[in-house]
2 protein chains.
Amino acid sequence: MKIYEYAQAPNCRRVRMFLAEKGIEGVEFVPVDIARGENRTDDYRRKDFNGKVPVLELDDGTTIAESVAIKRYLEELYPEQPLFGRDAKERARVEMWNRRAEFNLMVNVGMCFQHTTGFFADRMTTFPEYGEECGRKALAFFDELDRHLADNRYLAGDYYSVADIGMVCALDFGKVVNLRPSADKHPHLKRWRDELNERPSARA
Amino acid sequence: MKIYEYAQAPNCRRVRMFLAEKGIEGVEFVPVDIARGENRTDDYRRKDFNGKVPVLELDDGTTIAESVAIKRYLEELYPEQPLFGRDAKERARVEMWNRRAEFNLMVNVGMCFQHTTGFFADRMTTFPEYGEECGRKALAFFDELDRHLADNRYLAGDYYSVADIGMVCALDFGKVVNLRPSADKHPHLKRWRDELNERPSARA
């Protein structure tokens with residue numbers, strides 16, 4: 001198995017943290033420099049027409065795009081230490097929080113990054129004011145997250161899951177556009193983030 | 001079980017089509033008028049702090065937000081006629097295409113709707129030019145979709161899945177902002193859509 005990736009991209013980090021938590025080894029990583037547009041070649045688009053990273057390529061040539069699809073596939077191959085939940089209700093809670101990690105945080109952080117920094121200005125139209133509004137929405141979500149983590153060790157309760165991985169990758173990526181929780185206002189969010197950062201997977 | 005929903009919302013239709021395809025009956029539907037802001041009360045936000053529809057409420061009071069989390073939960077309760085895939089590779093393909101239904105189409109259609117029509121102007125800042133750009137991205141995606149459906153009966157191959165449900169709900173919702181595939185340019189997309197619309201679930 002190969003994973004095409006750009007190490008700095010948050011969705012690539014999600015997959016690497018997942019592999020580290022599950023102790024999956026032997027996956028070959030192939031760097032794709034998205035800053036230089038290596039993901040926009042015809043060859044790469046045959047792996048994923050969206051030209052996104054990461055992409056998992058199986059030994060039979062099958063390609064699977066989308067980080068969550070990659071993680072679900074690997075969860076089935078390596079069912080030990082499940083990270084998508086241990087029963088139906090927990091799996092639903094994990095899915096709900098993983099989607100909140102994406103739609104409440106990652107989308108807003110990502111749009112703030114794309115529309116205010118101009119990192120991809122060679123390949124998209126930017127709307128800086130829209131990007132700033134997305135940044136404000138991400139900041140407002142930190143309050144909600146702090147309230148939830150006051151009563152919950154992890155996002156899905158007492159169980160570390162892919163939702164925590166997704167949320168912390170989005171949160172850490174927010175630093176690039178100066179979106180940071182406040183130590184005063186978000187003590188529970190800080191406690192959770194510190195706890196996650198102590199796990200070896202945080203450096204994956 | 002109860003499902004809080006707003007019948008016109010595409011994510012609510014996704015859940016109803018899913019229930020119809022699987023033949024699940026006996027779920028109580030509770031209408032929530034999001035146009036009038038019934039989803040923004042403290043009471044509703046206790047079910048989902050995002051105030052989104054649909055929300056599934058179990059008999060023990062547990063609430064599950066996010067349409068995909070609801071569908072996954074119901075898939076486990078009613079495993080007959082699986083709609084998330086039948087083996088690991090197919091499940092990965094379904095997940096990948098379900099996410100493309102969301103990120104390539106639903107997000108763009110939704111942003112076009114929210115930012116150009118002002119439907120939620122009482123509760124959000126709108127950026128009409130951004131909305132128009134999202135509409136253009138949705139239209140460009142129809143070409144990609146048409147190419148894929150030239151060689152595939154359904155999105156995940158020869159197998160009808162939640163990805164088809166998600167994509168057709170996003171596609172049909174696009175009519176609201178006049179985003180329609182072209183009969184000339186997108187014959188395969190039209191063939192697929194017609195086939196889906198002939199299933200009883202399309203009227204759910």
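In what follows, chains carry the letters A, B, and so on, assigned in the order in which the sequence lines appear, proteins first and then strands, with residues in each chain numbered from 1.
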Of the listed A:Ile70, A:Asp87, A:Asp48, the one with the largest count of heavy-atom pairs under 4.5 Å with chain B is A:Asp48
Need one label for B:Asn98: side chain, backbone, both or neither, based on atoms under 4.5 Å from any heavy atom in chain A. neither
Most contacts with chain B, counted as non-hydrogen pairs under 4.5 angstrom, among A:Arg93, A:Arg72, A:Glu66: A:Arg72
Side chain, backbone, both or neither of B:Val107 within contact of chain A (heavy atoms, under 4.5 Å): side chain
What I want to find out is whether B:Arg99 reaches A:Glu102 closely enough, with some N-O distance under 4.0 Å, to be called a salt bridge. yes
Side chains of A:Tyr130 and B:Met111 in contact at under 4.5 Å (non-hydrogen atoms): yes
A:Leu56 versus chain B, the contacting section by heavy-atom distance below 4.5 Å: neither
Flag yes if more than 12 heavy atoms outside B:Arg36 fall under 6.0 Å of its CZ atom; otherwise flag no. no
Counting only non-hydrogen atoms closer than 4.5 Å, does A:Thr62 touch chain B with its backbone (N, CA, C, O), its side chain (CB onward), both, or neither? side chain
Euclidean distance, B:Thr125 OG1 relative to A:Glu132 CD, rounded to 0.5 Å: 11.5 Å
Does the side chain of A:Arg91 reach to within under 4.5 Å of the side chain of B:Glu76, using non-hydrogen atoms? yes
Is any side-chain heavy atom of B:Asp60 closer than 4.5 Å to one of A:Lys89? yes
Counting only non-hydrogen atoms closer than 4.5 Å, does B:His115 touch chain A with its backbone (N, CA, C, O), its side chain (CB onward), both, or neither? side chain
Note: vs chain B, highest number of non-hydrogen pairs under 4.5 angstrom among A:Phe49, A:Phe141, A:Phe103, A:Trp97 is A:Phe49
Shortest non-hydrogen separation from A:Ala88 to B:Tyr73 and the atoms involved: O-CD1, 3.6 Å
Going from CG on A:Asn50 to CD on B:Glu144, what distance comes out if it is rounded to the nearest 0.5 angstrom? 7.0 Å
For atom CD of A:Gln81, decide whether the heavy atoms of other residues, nucleotides or ligands shown that lie under 6.0 angstrom number more than 12. yes
So, for A:Ala92 and B:Ala69, which heavy atoms are closest and what is the spacing to 0.1 Å? O-CB, 3.6 Å
Heavy-atom nearest pair, A:Glu95 first then B:Val68, reads OE2-CG1, 3.0 Å
Let's test your reading of the structure: which of A:Glu129, A:Arg100, A:Lys71, A:Lys137 forms the most heavy-atom pairs below 4.5 Å with chain B? A:Arg100
